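Within every chain, numbering begins at 1; the chains are lettered A, B, ... in the order of the sequence lines, protein sequences first and strands thereafter. Treat the numbers as computed from the prediction; the structure is a model and nothing was measured.
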There are 2 protein chains.
Amino acid sequence: MPHHSILDILPEQLRKEAMEKIQVMRFPAGRILFSAGEHCQGLPLVLKGSVKVQMTGVSGHSIVLYRMGKDDICTLSIGCLMTGRGYRAEAVVEEEGEAAMIPRGVFDRLMDQSPEFRLGIMESYGRRLDDLMLLVEEVAFHRMDERLEEWLQARASRGVITITHQELAVELGTAREVVSRLLKELERQKMVSLSRGKIELTGLLDSSALAGA
Amino acid sequence: MPHHSILDILPEQLRKEAMEKIQVMRFPAGRILFSAGEHCQGLPLVLKGSVKVQMTGVSGHSIVLYRMGKDDICTLSIGCLMTGRGYRAEAVVEEEGEAAMIPRGVFDRLMDQSPEFRLGIMESYGRRLDDLMLLVEEVAFHRMDERLEEWLQARASRGVITITHQELAVELGTAREVVSRLLKELERQKMVSLSRGKIELTGLLDSSALAGA
DNA sequence: ATAGTTCAGTGATAAAGTCACACAGGAACA
DNA sequence: TGTTCCTGTGTGACTTTATCACTGAACTAT
């Protein structure tokens with residue numbers, strides 16, 4: 001493996017000590033790591049898979065804030081741990097994977113002893129800040145039809161996406177009806193073909209066709 | 001003073017070493033600390049006054065992301081320093097004040113040697129994350145008229161606010177025309193009275209009247 | 001006073017969000 | 001093999017917000 005987890009690059013002595021107190025847990029897709037209002041039980045460091053973090057507004061509408069992948073530590077949890085306040089958002093496993101649950105004491109010790117670990121934490125924070133700033137800009141200033149098309153293209157590894165309009169609305173932070181209408185318009189333009197719970201990219205949006213051509 | 005700067009609580013030896021390499025600078029209101037695209041020249045730690053951070057979208061519209069106050073370190077700068085990439089946003093001094101410019105080496109040393117400093121940094125990051133998450137929720141799900149009223153009330157220390165509609169539009173991440181129309185409607189409802197560059201709170205919005213009563 | 005600049009107001013139109021409801025596709029079950 | 005139920009989708013009507021294109025008002029400098 002060319003890539004090591006942030007825990008693997010610790011000095012041997014420190015690593016051994018840490019690993020004794022860290023539990024590694026497997027998470028199936030769909031598993032909720034924490035919900036809004038709950039209190040922090042330890043810092044999840046994602047080792048494999050991906051987790052999406054979303055929040056629900058007073059209106060009851062939700063929006064996906066960002067995703068965590070390999071070597072991301074949950075910066076939200078750090079904040080909750082420090083302040084003792086509950087989570088403001090919810091974390092849901094998207095691709096099954098595993099995470100190391102780091103207890104507070106170990107976290108403090110690693111921050112104290114390892115420059116590499118510190119760097120990893122700062123990078124996680126940096127990514128989160130960047131993600132959120134970009135999201136604010138998107139939500140505030142970009143048109144919904146463009147955002148939808150971009151989202152579809154970004155996930156178009158295969159030509160078919162399995163998702164409901166409601167879930168897609170949460171991804172974009174809008175209402176289900178808006179997504180349904182925009183998708184219908186894309187279908188009229190022969191860019192997608194729709195069926196229950198499924199979106200097939202067909203026209204200019206279908207990058208897999210281009211790759212295969 | 002009951003409150004000490006994060007630098008004051010460092011152990012004496014460390015503090016002396018650090019202060020030798022840290023420049024304290026005064027900033028007048030309106031002064032731009034950094035602009036989008038620029039590269040990081042050092043980490044500003046706000047000692048006094050306040051700084052607003054705003055970003056401009058491709059469309060040319062801007063939005064205020066968050067504000068920094070006493071003891072906030074510019075988390076955006078940490079990220080820029082680490083990755084070597086340019087700033088994505090712009091920082092403007094709002095209330096004149098002063099900031100300590102911490103060079104990279106000193107920052108690394110303080111992170112290594114001082115748990116108190118580390119805690120301060122993590123708290124700054126936590127606040128930023130919180131601010132941005134709340135902002136996303138606001139922008140995505142709240143109505144503009146409510147957001148405008150809340151903004152006005154939050155700043156209504158005195159009954160008069162000195163701001164142009166354009167500046168207010170940037171605060172809320174919308175267009176100047178929208179602000180003008182909503183304000184005009186508030187004026188019809190006797191909540192405010194408008195004049196060039198000035199908004200006077202008069203009706204239910206005027207908390208200073210309540211306090212004085 | 002005059003010219004130039006910044007601010008504010010407003011109509012027309014397009015995009016997006018809300019509300020209310022109809023209907024379609026599957027799953028479960030009799 | 002229907003019938004029932006649930007979830008997902010489509011759509012009309014209406015409101016709110018964004019955009020475009022102007023007009024005119026208020027201040028500034030000469």
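Using a 4.0 Å heavy-atom criterion, one finds that B:R143 contacts the sugar-phosphate atoms exclusively.
Whole-Å rounding puts the B:H142 NE2 to D:dT16 P distance at 17 Å. The nearest whole Å value for the distance from the CG atom in B:L194 to the C1' atom in C:dT10 is 15 Å. As a whole-Å value, the separation of A:Q166 CD from D:dT7 C1' is 11 Å. The interatomic distance linking A:I163 (CD1) with D:dG8 (P) rounds to 12 Å, in whole Å. Separating the CD atom of B:E177 from the C1' atom of C:dC7 is a distance of 12 Å, rounded to the nearest angstrom. In this structure, CD of A:E185 is placed 14 Å from C1' of C:dA14, rounded to the nearest angstrom. Distance, A:I199 CD1 to D:dG10 C1': 15 Å, rounded to whole Å. Distance, A:L148 CG to C:dA15 C1': 14 Å, rounded to whole Å.
Side-chain atoms of B:I78 and A:Y125, non-hydrogen and from C-beta on, never get closer than 4.5 Å to each other. Taking the side chain as every heavy atom from C-beta outward, B:R85 and B:C80 never approach each other to under 4.5 Å.
With respect to the salt-bridge test (charged N to carboxylate O, under 4.0 angstrom), the residues A:E150 and A:R147 do not qualify. One finds no salt bridge joining A:R67 and A:D131 here, because no Lys/Arg side-chain nitrogen approaches an Asp/Glu carboxylate oxygen to under 4.0 Å.
Under the 3.5 Å distance criterion, with hydrogens and angles disregarded, a donor-acceptor pair is assigned to the side chains of A:S180 and A:R176.
Closest to the side chain of B:D145, from the set C:dG9, D:dT17, D:dT19, is D:dT17. Nearest nucleotide to the side chain of B:R181, out of C:dT10, C:dG9, C:dG17: C:dT10.
Mapped onto DNA chain D by nearest heavy atom, A:A140 and A:L183 fall at different nucleotides, with A:L183 at the one closer to the 5' end. Checking A:R196 against A:L182, the closest nucleotide of DNA chain C that is more toward the 5' end is the one next to A:L182. Between A:T164 and B:S59, the residue anchored closer to the 5' end of DNA chain D is A:T164, taking for each the nucleotide with the nearest heavy atom. Residues A:G173 and A:R176 each lie close to DNA chain C; by heavy-atom proximity, the contact nearer the 5' end of the strand is made by A:G173.
OP1 or OP2 of D:dA18 sits under 4.0 Å from a side-chain N or O of B:T174. When the side-chain nitrogen and oxygen atoms of A:H165 are compared with OP1 and OP2 of D:dG10, one or more of them lie within a distance under 4.0 Å. Not one side-chain nitrogen or oxygen of B:H61 sits closer than 4.0 Å to the OP1 or OP2 atom of D:dA18.
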